[in-house]
Amino acid sequence: MAVTPTKPAIDAHKLRADFPIFEQHFHGKPLVYLDSAVASQKPRQVLQAMDSFYETSYTNVHRGVYALSERATAAYEGARDKARAFVNAPSAREIIFLRNATEAINLVAYSWGLNNLGPGDVVIVTELEHHSNYVPWQYIAKKMGADFRMLPLDDNGEVRLDALDEVAAGAHVKVVASNLVSNSLGTISDVTTLAAWAHEQGAIYVCDAAQAAPHRRVDVQELGADFVAVSGHKMCGPSGIGFLWGRAELLERMEPFLMGGHMIRKVAYEQTTWGELPHKFEAGSAPSAEAVGLGAAIDYLEAIGLDAIAAYEHELAAYALERLAEVPGIVLYGPPADHRAGIVSFNVGDFHPHDVAQILDMDAIAIRAGHHCCQPLMRKLGVAATNRASFYLYTLPEEIDRLVDGLHKVHKILG
Ligand SMILES: Cc1ncc(COP(=O)(O)O)c(C=O)c1O
């Protein structure tokens with residue numbers, strides 16, 4: 001029997017009014033957006049902040065000496081300070097604005113990896129990684145003659161911390177990289193233990209927080225990480241902006257990733273020297289309006305409260321796992337509700353995930369079908385693809401009911 005979650009920590013019905021996208025219908029039905037892990041929807045507060053920046057404050061930042069330029073720069077740097085506070089970074093110099101989490105991880109893989117990895121070293125990732133935190137490490141390790149190894153998962157889809165010593169055997173561990181929340185299974189990993197273990201080995205720990213930062217409090221100092229990657233578009237912010245937090249002492253010793261305007265101290269024919277943090281890593285014209293939008297998104301999330309968001313999504317995940325279990329032939333992947341964020345991956349019998357998603361779309365139910373950029377995980381699960389429903393602060397329990405009804409309909413059509 002369907003059980004409605006009790007005591008919702010936030011009022012999702014009320015919050016939805018902030019999101020213009022929900023005013024629309026698709027195929028004549030109200031949109032049920034259950035794909036927030038791929039990208040979140042945007043509240044008016046973010047859209048208005050960007051509009052207002054373009055209307056009143058826009059020009060390139062860190063360039064002109066005139067008042068408008070100073071206003072634009074102050075808005076951009078204000079957003080950096082919001083990002084700093086959001087992840088409790090010790091200094092705003094440690095926040096590097098980039099396009100997204102992928103670019104943030106590539107920056108570390110190239111800038112740190114090209115100068116610190118070599119034969120006899122090993123880079124360890126987990127079997128649960130998004131390709132963004134897998135492929136760059138695999139590539140750089142190979143290029144530098146280092147080993148690339150994978151920490152396995154248990155049958156619940158949780159990282160096997162007990163296998164760390166075995167995986168590391170016989171090599172010098174230099175990098176441990178993992179996500180905090182898996183985009184495929186919603187698994188919340190114990191990254192503080194991973195970070196502490198990495199440091200015992202003399203390695204750096206790189207945390208992919210793309211799927212965590214939108215949904216729960218991420219405190220870089222508590223995590224004990226060396227680098228943390230965040231994407232803005234998954235946390236109510238615009239596309240094209242994310243950030244890397246890194247420890248200043250590491251960032252200072254690293255070479256730039258991209259070269260060009262703004263990131264230099266002095267350019268001469270004989271030699272070029274680099275600017276200070278964070279500018280050394282922000283070559284070219286900055287995504288200023290996007291940063292302002294991200295700052296507004298941070299304000300929006302902070303006003304609701306990250307703990308409240310996490311608690312609400314936890315209830316949604318528990319409710320979804322319970323309701324989805326009613327669907328005949330369903331296989332639910334991943335850990336129990338108490339170890340997962342608001343993400344549920346599943347397959348229904350031997351129906352192709354794309355067929356399932358397409359039939360659901362006829363009722364305006366948007367879910368994902370595919371490998372979710374996690375092909376090593378799909379191999380572990382023994383499937384080519386799954387369906388995935390993912391939730392956010394605006395998701396309603398009724399929408400999970402509509403998903404379940406939709407899956408019964410899938411059975412009628414394909415069964
Ligand atoms: C866990 C995880 N890491 C990294 C990424 C990459 O994020 P982006 O495409 O914004 O760089 C994603 C995107 O889905 C993700 O879910």
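Reckoned from all heavy atoms, side chains included, excluding hydrogens, waters and symmetry mates. Counting convention: from 1, in listed order, for ligands and their atoms alike.
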key: N-O pairing of R44 and E23 below 4.0 Å   = yes
inquiry  = I need the contact type for H372 against ligand 1. Using non-hydrogen atoms and a strict under-4.0 Å cut-off, is it side chain, backbone, both or neither?
reply    = neither
query = Side chain or backbone of D208 under 4.0 Å from ligand 1, or both, or neither, by non-hydrogen atoms?
reply = side chain
inquiry  = Distance under 4.0 Å to a non-hydrogen atom of N183: what atoms of ligand 1 satisfy this?
reply    = 1 (C), 16 (O)
ask   = Can we say D299 and K82 salt-bridge, meaning some charged N sits less than 4.0 Å from an Asp/Glu carboxylate O?
value = yes
query = In the protein, what heavy atom is nearest to atom 10 (O) of ligand 1, and what distance, to one decimal place, separates them?
reply = S231 OG, 2.5 Å
key: Polar atom proximity, Q211 to ligand 1 (N or O, under 3.5 Å)   = yes
request  = Any atoms of ligand 1 less than 4.0 Å from a non-hydrogen atom of H233? List them with their elements.
outcome  = 8 (P), 10 (O)
query = Are any of the N or O atoms of K234 closer than 3.5 Å to those of ligand 1?
reply = yes
note = The salt bridge (Lys or Arg N to Asp or Glu O under 4.0 Å) partners of E55 (sequence neighbours excluded) come to none
query = Does the pair H352 and Q358 meet the rule for a side-chain hydrogen bond (donor to acceptor under 3.5 Å, both in side chains), with working shown?
reply = CA-CA 10 Å; H352 196 291; Q358 263 178 339; over 6 Å; no
request  = Would you mind listing which atoms of ligand 1 come within a distance below 4.0 Å of any non-hydrogen atom of T102?
outcome  = 6 (C), 7 (O), 8 (P), 9 (O), 11 (O)
query = Relative to atom 15 (C) of ligand 1, which among R99, H130, H131, R368 owns the nearest non-hydrogen atom?
reply = H130
key: salt_bridge(K380, D155) N-O dist < 4.0 Å   = yes
ask   = Between R368 and D35, does at least one N-O distance fall below 4.0 Å, as a salt bridge requires?
value = no
key: K280 bridged to E255 by N-O distance under 4.0 Å   = no
